[in-house]
Structures are given as structure tokens and as C-alpha cells.
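Read the structure below first, then the notes.
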Amino acid sequence: MAHKKGQGSSKNGRDSNPQYRGIKLYGGEFAQPGNVLVRQCGTKFQPGFGVQRGKDDTLFSVSTGKVVFQGRRVHIDPIEDDAPRPRWLTQYRAAQAS
């Protein structure tokens with residue numbers, strides 16, 4: 001017995017909500033504690049100085065300063081000149097100033 005399928009019987013009709021992943025603050029931008037830096041699935045980017053990772057692998061700032069990307073690591077360079085920071089970040093800051 002021949003018959004036509006009705007409209008709306010496609011199996012491709014499902015869709016999920018967007019997750020809005022990606023980099024939220026880029027290098028050189030100012031970050032405050034709690035600001036989301038990267039929303040990601042997995043650990044493509046890893047937390048560095050002044051950055052922590054949430055349970056869904058989101059990277060967020062725990063200090064005030066400028067966002068610095070070093071390869072896959074994301075750091076926060078404190079705005080205070082006398083704030084403690086890693087040696088490489090001190091050298092990076094001096095290179096940026098000159």
C-alpha cells in the first residue's frame with residue numbers, strides 16, 4: 001500500500017541551546033576578580049597567575065589587572081607596580097613598557 005509521509009517527520013529536528021563558549025576577555029583587556037576570561041569545553045586554555053578554573057573548565061580572574069596570554073596559559077598581570085608576580089611576568093611587563 002503506497003502512502004506519503006506527513007510533514008514534520010524528519011529525524012533531524014532536534015537542536016540544543018548554544019553554550020556561548022570562547023574567549024571573553026582578550027590580551028591587554030582589564031579584568032576584575034570574578035570576571036570570566038574563557039568559557040571552554042575541556043582544558044584548551046589553562047589557568048596561570050591570578051586565574052583559576054571552575055568546575056566546568058571556565059577560567060576566571062581572582063585578581064585585578066591586565067589579561068596576558070602566554071601560549072595556552074592565561075595570566076592576570078596585577079595593576080600595582082609593587083605587587084608580587086612571577087619573574088617572567090616582570091620581564092614581560094618591562095618589555096611592554098619599552
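No hydrogens, no waters, no symmetry mates; every other heavy atom, side chains included, goes into these values. Numbers for residues simply follow the sequence, beginning at 1.
Atom CD of residue Gln96 and atom CD of residue Gln91 lie 13.0 Å apart, to the nearest 0.5 angstrom. Distance check, rounded to the nearest 0.5 Å: OG of Ser61 to CD of Gln52 gives 9.5 Å.
Side-chain N or O atoms of Gln19 include one that pairs as donor or acceptor with a backbone N or O of Asn17 at under 3.5 Å. With hydrogens and angles disregarded, no donor-acceptor distance shorter than 3.5 Å links the side chain of Arg93 to the backbone of Asp77. At distances below 3.5 Å, not a single donor-acceptor pair connects side-chain atoms of His75 with backbone N or O atoms of Gly48. Checking side-chain atoms of Glu29 against main-chain N and O of Tyr26 turns up a donor-acceptor pair under 3.5 Å. When atom types are taken as modelled, the side chain of Arg21 and the backbone of Val38 share no donor-acceptor pair closer than 3.5 angstrom.
A 4.5 Å side-chain heavy-atom check between Thr43 and Arg53 finds at least one atom pair inside the cut-off. Proximity of Asn35 to Leu25: side-chain heavy atoms (C-beta onward) are separated by under 4.5 Å at one or more points. Residues Lys66 and Ile76 fail the side-chain proximity criterion, which asks for heavy atoms closer than 4.5 Å. Side-chain atoms of Phe49 and Arg73, non-hydrogen and from C-beta on, never get closer than 4.5 Å to each other.
Taking 4.0 Å as the cut-off between side-chain N and carboxylate O, Asp57 and Arg39 do not count as a salt-bridged pair.
Here the closest heavy-atom approach between residue Ile79 and residue Phe30 is recorded as CG2-CE1, 3.6 Å. Of all the heavy atoms in Val67 and Phe69, the pair that sits closest is CG1-CE1, 3.6 Å.
Put simply, Val51 and Phe45 are part of the same group of oily side chains (I, L, V, M, F, W, Y) that touch within less than 4.5 Å, one to the next. Residues Leu37 and Val62 fall into different hydrophobic clusters, defined by Ile, Leu, Val, Met, Phe, Trp and Tyr side chains chained together at heavy-atom separations under 4.5 Å.
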